[in-house]
Amino acid sequence: MIEIKGIRKSFGDLEVLKGLDLNIEKGDVVAILGPSGSGKTTLLRCLNFLEKADEGTMIFDGQEFDMHSASRKTIHEIRIKTSFVFQQFNLFSNKTVLENVTLGLTVARKMDKHKAEEIGKNLLDKVGLSDKYEAYPNQLSGGQQQRVGIARALATDPEIIYFDEPTSALDPELIGEVLAVIKELADEGMTMLVVTHEMNFAKHVSKKVIFMDEGNIIASMPTEQFFNEQKNERIRNFIKSIEHKGEQK
Amino acid sequence: MKIINLLTDSFLKILLPGIRVTIPLTVISFSLAMVIGILVAFVQFANIRVLKQLARFYIWVIRGTPLLIQLFVVFYGLPSVGVIIDPFPAAVIVFSINEGAYSAETIRGALEAVPKGQIEAGYCSGLNFVQIMWHIVLPQALRMAFPSLANALIAMVKSTSLAANITVMEMFMVTQQIVARTYEALALYLELAFIYLMFSTVLTRLQTYLEKRMNTRGA
């Protein structure tokens, strides 16, 4: 469904993505793991053009184009087909929860307001926020805000959702409620690319794991194999250190 | 007793031009200033090349020169190049252009204070730049800028007294004329000050009320 070839990105002298390739099939649930500064978030942001890659080719639904010189129109078309869930939620703070979810429908896609609200309410029910339609984001807990973020991402019926460390800004006791929603989506067959530090999530929900280090993908394999037959010392140590941290919590 | 009679007689005589001139002058000028301020702030926020430089130039000149001199340039200066403007419209032009420069800076600061992540989220929801500005950034920015803008409005009510210098028949001008007849400068000017205080008080109360109302919803 999405194929990336030779994506590069530098910030000044710092090369963050060093020409990597990526292939995502429909229905894939891919966890991207790796130490801080390995380029995971930048990769995700480049896929949705929140950062402009210096080089790289993207093939999206059979359409091929250069990622550096993509036109505004192409970028818009890609964004219409994709959704993004942010680490810091980034809900529109002047809009109610329901408006947050429907804005992409009523404004960007000119959908009838009642129809959009129906879709919005269904999705908010799905993420367990049926009593919060009219609340404002600052009246919600972090976990609730992120669930609104996920409902907003779902509203536009995307082909793929990108998650950028969706639970990193949450208190430990709120992580579960957000992961449960993402797991439900995985079970329904939603295509997702998830940058995460949650080993449990990677282990039990994702079907594929990509491991990044210093701007390269150094492993990309089915989840089972990644955790149980890991031959790479560097990765084994990384998994151990994270799991150890997890136990301390 | 004479002084009390004078004050009660003059009260309406001063208040009337306040209602007929000071208030419309303030309301029209401030509304235009808001339009100018939003446009000039927007041009800078969106980084539109030539317009941004023009905006910086406009703000630099207007904020760097006295309001009184701007009034004189437009009303007494422009006729020598064939541009003759009546006192009231001349005052409206100067007050709106002057306040526009200040509020442009206030609004620009507020636009930049809206978290960038919300703009990114807007793009990811498929909105374009103008839609993001209209639905997400501008409403939040205006809410943040509101206390400063309310300040500016109160300041403008008082600044309109400068229009007396270009023959606008507003409250200060009328008071001066009564003083010229009666020589009761202290009492009459204090009365005028009191009327300005009334106007400002109403606006201050209105500001408090509106801020409270805005704070009950959203951030």
Side-chain angles (χ1 to χ4, degrees), chain A residues 44-45 47-51 72-73 75-97 99-111 116 134-140 145 148-149 151-158 160-164 169, chain B residues 34 37-38 41-43 45-49 51 103 106-150 207 209-219:
Chain A
L44 211 59
R45 289 170 62 81
L47 293 182
N48 220 8
F49 298 90
L50 293 175
E51 302 286 352
R72 208 176 272 199
K73 188 166 162 271
I75 293 174
H76 185 72
E77 281 169 10
I78 297 285
R79 285 179 175 153
I80 287 282
K81 291 181 190 171
T82 61
S83 284
F84 205 100
V85 174
F86 297 85
Q87 181 178 358
Q88 300 294 342
F89 329 132
N90 293 346
L91 299 182
F92 310 129
S93 40
N94 60 320
K95 301 280 178 198
T96 64
V97 163
E99 286 167 340
N100 262 278
V101 179
T102 57
L103 201 66
L105 298 173
T106 53
V107 174
R109 291 161 184 82
K110 309 284 174 227
M111 186 186 278
E134 300 307 320
Y136 283 88
N138 63 349
Q139 298 166 325
L140 304 182
Q145 289 195 46
V148 176
R152 176 173 70 181
L154 287 169
T156 50
D157 195 20
I160 180 168
I161 305 180
Y162 302 117
F163 291 82
D164 182 16
Chain B
M34 283 302 102
I38 289 173
F42 189 78
V43 158
F45 185 74
N47 225 339
I48 307 172
R49 210 165 278 168
L51 290 178
S103 46
T106 305
I107 295 167
R108 183 179 62 90
L111 288 173
E112 280 165 7
V114 175
K116 295 282 168 292
Q118 294 189 32
I119 299 176
E120 291 185 346
Y123 280 127
C124 288
S125 296
L127 275 66
N128 62 35
F129 182 73
V130 175
Q131 290 167 335
I132 291 171
M133 281 292 132
W134 182 253
H135 291 278
I136 300 161
V137 179
L138 203 54
Q140 291 182 60
L142 289 180
R143 187 175 294 181
M144 276 188 268
F146 184 79
S148 304
L149 294 177
Q207 177 189 353
Y209 168 75
L210 288 174
E211 272 175 30
K212 258 193 202 142
R213 236 187 68 166
M214 280 193 275
N215 287 341
T216 56
R217 46 193 301 261

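Just so we're on the same page: letters track the sequence lines, and every chain starts at 1. Remember, it's a predicted structure, so these values are computed and weren't measured experimentally.
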Using modelled atom types only, decide if a donor and an acceptor are shared between the side chain of Gln139(A) and the backbone of Tyr136(A) within a distance under 3.5 Å. yes
So, the part of Arg109(A) with a heavy atom under 4.5 Å from chain B: the answer is side chain
Does any backbone or side-chain atom of Ile75(A) lie under 4.5 Å from a heavy atom of chain B? Answer side chain, backbone, both or neither. neither
Are more than 12 heavy atoms from other residues, nucleotides or ligands located less than 6.0 Å from atom NZ of Lys73(A)? no
Can you tell me which of Thr156(A), Ile78(A), Leu91(A), Ile80(A) forms the most heavy-atom pairs within a distance under 4.5 Å of chain B? Leu91(A)
Flag, side chain of Glu112(B) to backbone of Gly109(B), donor-acceptor distance under 3.5 Å: no
Cation-pi check for Phe49(A) against Arg79(A): NZ or CZ below 6.0 Å from the six-membered ring centre and within 45 degrees of the axis, yes or no? no
Does any backbone or side-chain atom of Leu103(A) lie under 4.5 Å from a heavy atom of chain B? Answer side chain, backbone, both or neither. both
Which one, Ile136(B), Val114(B), Leu127(B), Asn128(B), leads in non-hydrogen pairs under 4.5 Å with chain A? Ile136(B)
Please state whether the side chain, the backbone, both or neither of Phe86(A) comes within less than 4.5 Å of a heavy atom of chain B. side chain
Between Arg72(A) and Phe129(B), is NZ or CZ placed under 6.0 angstrom from the six-membered ring centre and within 45° of the ring axis? no
Would you say the side-chain atoms of Thr102(A) pair up with the backbone N or O of Leu105(A), donor to acceptor, closer than 3.5 Å? no
Could you tell me which of His135(B), Gln131(B), Lys116(B) has the largest number of non-hydrogen atom pairs under 4.5 Å with chain A? His135(B)
